[in-house]
Amino acid sequence: MSISEYKTSIKKLIDATNNEALLKHWKKQLEWDLEHEKEIKLTDEEWNMVKEGIAGYEAGDTLTLEEFINKKG
């Protein structure tokens, strides 16, 4: 996927929700990521974990917050 495709994909996600709390969280996370993008160095193993997480998300392998909380308890 190209950078342009990633940007389009992110914009679609943002446009798809009216959940204010989620949008605020995304904004805060993106701002932090942008501010620290040059500071973070990931190992190959960490990058693989990120890629696996993205692949799982794209395949619909996600939990709701309620499911996550119930798993932790």
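Sequence positions, counted from 1, serve as the residue numbers for this chain.
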Rounded to the nearest 0.5 Å, how far apart are [atom1] of [X] and [atom2] of [Y]?
X	Y	atom1	atom2	value
M49	T43	CE	OG1	8.5 Å
E37	E35	CD	CD	10.5 Å
E31	Q29	CD	CD	10.5 Å

Exercise for the section: Could you pull out all residues at least two apart from E5 that satisfy side chain to side chain donor-acceptor pair (under 3.5 Å)? Expected result: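 For E5 the side chain to side chain donor-acceptor pair (under 3.5 Å) partners, ignoring immediate neighbours, are S2.
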Problem - Hydrophobic cluster membership, L13 vs L23, 4.5 Å side-chain cutoff - result: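 Yes.
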Do other residues, nucleotides or ligands put more than 12 heavy atoms under 6.0 Å from [X] [atom1]?
X	atom1	answer
D33	CG	yes
D44	CG	no
E67	CD	yes
E20	CD	no
W32	CH2	yes
I3	CD1	no

Problem - Distance-only polar pair, side chains of E52 and N48, donor-acceptor under 3.5 Å - result: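 There is no such pair (donor and acceptor under 3.5 Å, judged by atom type) between the side chains of E52 and N48.
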Handout entry: Closest non-hydrogen atom pair, L22 against N19
Key =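 Shortest heavy-atom separation between L22 and N19 comes out as N-OD1, 2.9 Å.
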Handout entry: Smallest separation among heavy atoms of E46 and K41, with atom names
Key =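 Minimum heavy-atom separation between E46 and K41: OE1-O, 4.0 Å.
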Handout entry: Residue pair I54, V50: steps toward the side-chain contact (heavy atoms from CB on, under 4.5 Å) verdict
Key = CA-CA 6 Å; I54 292 170; V50 169; 4.0 Å; yes
Problem - Sole candidate of I14, T8, D15, I10 that passes side chain to side chain contact (heavy atoms under 4.5 Å, CB included) when paired with K12 - result: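 For K12, the side chain to side chain contact (heavy atoms under 4.5 Å, CB included) test succeeds with only one of I14, T8, D15, I10, which is T8.
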